[in-house]
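Here's the structure, in structure tokens; my notes come after.
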Amino acid sequence: MDLAEYKGIYVIAEQFEGKLRNVSFELLGQARVLADTIGDEVGAILIGKDVKPLAQDLIAHGAHKVYVYDDPKLENYNTTAYAKVICDFFHEEKPNVFLVGATNIGRDLGPRIANSLQTGLTADCTGLAVDDDGKTIVWTRPALGGNIMAEIICPDNRPQMGTVRPNVFKKPEADPNAKGEVIEKTANLSDADFMTKFVELIKMGGEGIKIEEADVIVSGGRGMNGPEPFTGMLKDLADVLGGAVGASRAAVDAGWIDALHQVGQTGKTVGPKIYIACGISGAIQHLAGMSGSDCVIAINKDEDAPIFKVCDYGIVGDAFKIVPLLTAAIKKIKG
Ligand SMILES: Cc1cc2nc3c(=O)[nH]c(=O)nc-3n(C[C@H](O)[C@H](O)[C@H](O)COP(=O)(O)OP(=O)(O)OC[C@H]3O[C@@H](n4cnc5c(N)ncnc54)[C@H](O)[C@@H]3O)c2cc1C
């Protein structure tokens with residue numbers, strides 16, 4: 001493999017029902033940083049039905065080129081068909097790097113592509129950089145329960161691949177005047193490439209803001225003592241702030257709230273403007289999911305709780321007293 005033939009940092013753009021996922025923009029921003037260091041271009045690969053209009057938004061967020069596979073057959077995500085499209089793309093365009101969001105779809109797609117192309121994949125990365133040689137990507141990911149950070153490289157194979165956690169990198173500002181090229185591609189697929197069949201889409205988690213997308217998260221832990229605060233006190237505070245309710249694993253394991261709300265290493269990684277941790281001790285596995293928050297506010301009875309080491313504002317006290325007072329005060333300010 002002549003490594004010099006492989007060029008371009010490519011983001012596999014993820015869309016759902018005609019809307020680009022935030023992680024696609026976060027990856028473009030980071031791809032741009034890597035590309036500027038290497039002296040390379042950023043490409044996006046966009047797959048779906050009627051998705052061409054989304055290409056401009058990818059350009060506005062940092063893509064120099066957008067390759068569009070717009071095909072009715074690709075309306076719903078399909079592991080084998082999408083992987084075939086991307087592997088064919090690789091053989092035609094010879095990319096150096098593929099960045100994939102570590103979403104349910106990306107975690108399914110990434111390993112299949114890497115295996116088909118016989119290349120290296122680092123899963124669930126939280127850091128991306130360029131090695132001293134100026135061309136190899138250094139993929140950083142937490143390992144062994146978040147106790148070590150592993151730096152992994154793929155020196156001999158291309159593309160260099162990684163899935164990257166959502167909400168680790170900030171979404172770049174859109175530049176409406178950004179110019180880029182939109183290239184229409186044709187997916188070469190036969191029925192045999194669709195090894196799974198889409199039957200029905202069932203939406204989970206009900207209505208309301210998802211924690212991955214929320215600007216404010218009010219999270220509860222074991223200190224909440226039961227399920228009620230998650231639909232009562234914590235939700236009231238989240239509602240006045242236009243946010244969502246999160247939880248520690250202890251709260252989820254106790255059955256107080258659905259696992260879709262779990263923040264942390266085995267839950268979601270979130271990056272809100274404000275994260276309010278109520279009755280959460282601040283275990284390393286929890287911090288792994290929320291330390292990218294702009295501002296952390298901790299409410300805990302124990303002044304020695306580790307969460308106070310990472311918070312911007314801390315209140316030592318009983319969350320059952322403090323949270324309702326906070327909600328009332330914010331309501332008053334908002335009028
Ligand atoms: C492999 C692995 C993966 C994991 N993944 C995750 C993960 O994704 N997310 C996660 O959260 N954890 C995860 N954990 C578990 C993690 O190690 C902790 O056990 C967990 O985060 C503890 O949750 P907690 O802070 O709610 O509970 P505790 O650690 O029990 O803390 C409860 C806190 O509430 C405070 N408190 C009690 N009553 C009140 C009150 N009335 N007002 C204010 N404060 C009060 C206490 O002082 C205490 O600090 C993982 C563990 C392992 C081993």
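Numbering of ligands and ligand atoms starts at 1, following listing order.
- With distances taken over non-hydrogen atoms, the option nearest atom 7 (C) of ligand 1 out of K268, H286, Q262 is Q262.
- Under a 4.0 Å criterion applied to the non-hydrogen atoms of G221, ligand 1 contributes the atoms 26 (O).
- Taking every non-hydrogen atom of G267 and a distance limit under 4.0 Å, the qualifying atoms of ligand 1 come out as 8 (O).
- A pairwise comparison of heavy atoms in Y69 and V51 identifies O-CG2, 4.2 Å as the closest pair.
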In residues 109-121, what donor-acceptor pairs under 3.5 Å come from side-chain atoms, sequence neighbours left out?
unit_1	atom_1	unit_2	atom_2	d
S116	OG	R112	O	3.0
Q118	NE2	N115	O	2.8
T119	OG1	P159	O	2.6

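- Residue T266 has at least one heavy-atom neighbour below 4.0 Å for each of these atoms of ligand 1: 3 (C), 4 (C), 5 (N), 6 (C), 7 (C), 8 (O).
- The distance from ligand 1 to the heavy atoms of Q265 drops below 4.0 Å at these ligand atoms: 7 (C), 8 (O).
- Looking at A283 against ligand 1, only its side chain comes within 4.0 Å, counting heavy atoms.
- Within the 3.5 Å criterion, the main-chain N or O of D133 finds no donor-acceptor partner in the side chain of D131.
- Of the candidates G279, G246, A251, G282, G279 brings a heavy atom nearest to atom 33 (C) of ligand 1.
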Candidate pair E93 and K185, rule salt bridge (charged side-chain N to carboxylate O under 4.0 Å, His left out), full reasoning: CA-CA 11 Å; E93 306 293 340; K185 301 280 285 182; 2.8 Å; yes
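- Remark: the backbone N or O of D193 is paired with a side-chain donor or acceptor of T80 at under 3.5 angstrom.
- Residues V216 and I280 are members of separate hydrophobic clusters, defined by side-chain heavy-atom contacts under 4.5 angstrom among Ile, Leu, Val, Met, Phe, Trp and Tyr.
- In this structure, N167 contributes its side chain and T269 its backbone to a donor-acceptor pair below 3.5 Å.
- For ligand 1, the atoms lying closer than 4.0 Å to a non-hydrogen atom of G264 are 7 (C), 8 (O), 9 (N).
- Nearest-heavy-atom check against atom 13 (C) of ligand 1 across M224, R249, K301, R222 picks out R249.
- Considering backbone and side-chain N/O of A247, none are found under 3.5 Å from N/O of ligand 1.
- Between the T103 side chain and the G106 main chain, a donor and an acceptor come within less than 3.5 Å of each other.
- Here D88 pairs with K84 under the salt bridge (charged side-chain N to carboxylate O under 4.0 Å, His left out) rule; sequence neighbours left out.
- The D302 neighbourhood of ligand 1 comprises atoms 47 (O), with distances under 4.0 Å to a heavy atom of that residue.
- The shortest separation from a heavy atom of G317 to ligand 1 is under 4.0 Å, placing the residue in contact.
- Of all the heavy atoms of V263, the ones lying under 4.0 Å from any atom of ligand 1 belong exclusively to the backbone.
- Within the listing of ligand 1, atoms 40 (C), 41 (N), 42 (N) sit less than 4.0 angstrom from a heavy atom of D318.
- Ligand 1 places these atoms under 4.0 Å from at least one heavy atom of F320: 41 (N).
- Taking only nitrogen or oxygen atoms, main chain and side chain alike, A319 reaches within less than 3.5 Å of ligand 1.
- In terms of heavy atoms, K170 sits closest to D294 at NZ-OD1, 3.3 Å.
- Between D253, N300, V252, it is N300 that holds the heavy atom closest to atom 48 (C) of ligand 1.
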Residue pair F320, M233: steps toward the side chain to side chain contact (heavy atoms under 4.5 Å, CB included) verdict: CA-CA 8 Å; F320 288 92; M233 174 178 98; 3.9 Å; yes
